Amino acid sequence: MSFTVRTLTEDELLPHARLTVAAFMLDTPEERIGRWTGLHEPDRTHGVFEDGALLGAAGVQTRHLTLPGTGPRPFAAVTTVVVDPGHRRRGVLRRLMTEQLTALHDGGEPVAALWASEAAIYGRFGYAMASEVVRLEIPQRAAFRPRVDIGTDRVRLVARDEALPLVKDLYERVRPTRTGWISRNDVQWAYFLSDDEWDRHGQSAYRYALHPDGYVVYRLKADWQDRGPRGELHVREFVAATPEATAALYRHVLDADLIGEIKYSVAATDDPIVHLLADSRLIRRRRSDSLWVRIVDVDRALASRTYSSDVDLVLEVADDLCPWNTDRWRLTVRDGVAEVTRTPDEADVVLDVRALGSAFLGGQRLTSLTGAQLVAEVTPGSLRALSSAFLGDHDPHCHEIF
Ligand SMILES: CC(=O)SCCNC(=O)CCNC(=O)[C@H](O)C(C)(C)COP(=O)(O)OP(=O)(O)OC[C@H]1O[C@@H](n2cnc3c(N)ncnc32)[C@H](O)[C@@H]1OP(=O)(O)O
């Protein structure tokens with residue numbers, strides 16, 4: 001095969017964007033495609049070419065991901081992975097993934113993460129599901145338990161221009177504390193909250209409900225039925241810095257008039273609403289995968305977060321695609337801080353690199369991954385110790401598809 005792989009030029013971002021929207025079955029107007037090329041970084045986007053034609057590409061956005069204990073840290077936000085339909089299953093994606101991971105190993109971020117369009121694609125490249133979201137559907141006016149404190153601050157609806165700076169400040173206030181949340185620059189904010197008629201799919205413009213310690217952004221959809229109004233309220237983003245703000249903002253959306261149901265498709269798996277309601281079964285809940293994490297460099301990645309307990313163990317890691325990771329590594333955690341070094345010592349735990357990716361954000365128990373044959377214990381007791389050291393204080397949560 002005569003593939004050439006290189007990073008793109010600025011001029012090649014538009015052809016890449018056209019491939020992407022077509023692959024995602026969208027008839028996006030040309031002016032809109034052009035508008036969002038600013039999200040992408042040509043020198044971090046690898047393309048595969050044949051006879052000068054772009055067959056496929058995969059990008060990286062330079063962003064920060066909040067990690068357990070250490071807060072926001074650089075990660076490679078892998079995005080817009082696409083191959084021309086006429087050239088699929090010829091190994092283009094494999095070339096892209098290989099080149100991208102090699103470039104990251106060569107001075108890039110120690111961890112990559114993505115949202116997978118199909119869950120069967122990325123495991124073979126060493127990615128693993130590290131966090132999930134829950135789709136919540138809650139009937140209007142669902143009541144709280146008695147004595148829930150919603151504080152005295154009012155939630156007020158604010159026009160977009162007034163809301164945006166406040167929203168950004170609040171997001172920045174909460175982001176460092178929530179494992180899995182990611183940074184946004186101005187272009188990324190504009191894209192995340194883009195609100196042209198074309199973006200609305202029959203729903204209203206965004207509404208911005210603000211509280212001094214949080215906000216909720218949502219769209220409305222009217223639905224008049226024989227038995228009365230059954231509109232929908234679709235939450236785009238819910239951010240709260242305090243328990244009172246959480247309760248007040250939930251009351252705001254639950255008590256909205258003319259609504260049948262509140263839908264929030266990217267809630268955290270440990271969202272407190274389940275425990276706030278008097279009758280938790282009023283909520284319909286469906287879990288699905290969100291962030292898939294790939295450990296690029298075992299030593300740099302594992303040292304970039306903190307741990308909930310101290311351990312001193314040897315991990316034998318297998319990594320088919322990134323041979324630099326295949327080795328025995330001593331993980332020594334003191335006061336939560338890790339040191340990771342290659343070692344000739346015998347292994348305590350043997351694991352696939354995917355197991356480390358899955359546990360990296362602190363939401364997945366390594367003990368559970370033995371059943372999936374991704375982890376095996378050699379020294380009795382070592383896996384339990386390792387597994388509990390990896391667990392975080394909260395479930396990881398990533399609610400932005402990038
Ligand atoms: C982070 C993101 O951007 S997610 C978005 C991913 N992109 C899309 O879903 C857009 C539509 N799909 C595509 O563009 C392509 O089908 C891609 C990118 C998913 C795959 O590209 P291809 O060049 O066909 O993949 P390639 O030929 O390199 O296949 C590599 C391996 O992945 C497997 N594979 C590829 N696509 C899929 C899939 N959709 N489901 C399951 N396995 C797949 C292949 O069978 C092959 O397996 P093997 O290594 O065991 O032989």
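Predicted model, so just to flag it, every value in this text is computed and none were measured. Atoms within a ligand are numbered from 1 in the order they appear, just like the ligands themselves.
- Distance check on atom 39 (N) of ligand 1: some protein heavy atom falls below the 4.0 Å cut-off.
- For a threshold of 3.5 Å applied to N or O pairs, the pair formed by Trp115 and ligand 1 contains no separation below that value.
- By the neighbour-count criterion of 12 heavy atoms within 6.0 Å, atom CZ of Arg35 is densely surrounded, having more than that number from other residues, nucleotides or ligands.
- Residue Arg95 does not touch ligand 1, judged by heavy-atom distances below 4.0 Å.
- Protein heavy atoms are absent from the space less than 4.0 angstrom from atom 29 (O) of ligand 1.
- Ranking protein heavy atoms by distance to atom 46 (C) of ligand 1, first place goes to Arg124 NE, 4.0 Å.
- Below 3.5 Å of separation, one finds no N or O of Ala23 facing any N or O of ligand 1.
- No donor-acceptor contact under 3.5 angstrom links the side chains of Tyr264 and Arg135, judged on distance only.
- The shortest N or O to N or O distance between Thr79 and ligand 1 is not below 3.5 Å.
- The ring of Phe238 has its center no closer than 6.0 angstrom to the ring center of His252.
- Side-chain N/O atoms of Arg219 and Tyr206 include a donor and acceptor closer than 3.5 Å.
- Residue contact check: Val92 has heavy atoms under 4.0 Å from atoms 23 (O), 28 (O) of ligand 1.
- Protein heavy atom in closest approach to atom 19 (C) of ligand 1: Ile121 CD1, 3.6 Å.
- For an aromatic pair to be called close, the ring centres must be under 6.0 Å apart, and Phe390 with Tyr307 satisfies this.
- By the 3.5 Å distance cut-off applied to N or O atoms, Arg94 is counted among the residues near ligand 1.
- The shortest N/O to N/O separation between Val81 and ligand 1 falls below 3.5 Å.
- Considering backbone and side-chain N/O atoms, Val83 comes within less than 3.5 Å of an N/O atom of ligand 1.
- Residue contact annotation: Gly91 has a non-hydrogen atom under 4.0 Å from ligand 1.
- Looking only at atom types and distance, the side chain of Asp312 has a donor-acceptor partner in the side chain of Thr332 under 3.5 Å away.
- Annotation: atom 23 (O) of ligand 1 to nearest protein heavy atom, Leu93 N, 3.0 Å.
- Of the heavy atoms in Tyr127, none comes closer than 4.0 Å to ligand 1.
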Can Arg44 and Thr7 be said to form a side chain to side chain donor-acceptor pair (under 3.5 Å), step by step?
CA-CA 6 Å; Arg44 305 208 71 191; Thr7 53; over 6 Å; no
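- Listed by number with element, the atoms of ligand 1 under 4.0 angstrom from any heavy atom of Thr80 are 3 (O).
- Nearest protein neighbour of atom 13 (C) of ligand 1, counting heavy atoms only, is Arg88 NE, 3.4 Å.
- Protein heavy atom closest to atom 2 (C) of ligand 1, with residue, atom name and distance, is Tyr122 OH, 3.5 Å.
- Looking only at atom types and distance, the side chain of Ser290 has a donor-acceptor partner in the side chain of Ser131 under 3.5 Å away.
- Each of the atoms 39 (N) of ligand 1 lies under 4.0 Å from some heavy atom of Glu118.
- Annotation: atom 41 (C) of ligand 1 to nearest protein heavy atom, Ala120 CB, 3.7 Å.
- Nearest protein neighbour of atom 37 (C) of ligand 1, counting heavy atoms only, is Arg89 NH2, 3.6 Å.
- For the side-chain contact (heavy atoms from CB on, under 4.5 Å) with Ile262, the qualifying choice from Asp255, Ile273, Leu254 is Leu254, the only one to do so.
- With hydrogens and angles left out, the side-chain atoms of Ser382 and Asp348 include no donor and acceptor closer than 3.5 Å.
- With hydrogens and angles left out, the side-chain atoms of Thr62 and Glu41 include a donor and acceptor closer than 3.5 Å.
- Judged by a 6.0 Å distance limit and a 45° cone about the ring axis, Arg184 is positioned over the six-membered ring of Trp189.
- Annotation: Trp292 is not in aromatic contact with Tyr122 [ring centroid separation under 6.0 Å not met].
- Here the protein heavy atom with the shortest distance to atom 5 (C) of ligand 1 is Ser117 OG, 3.4 Å.
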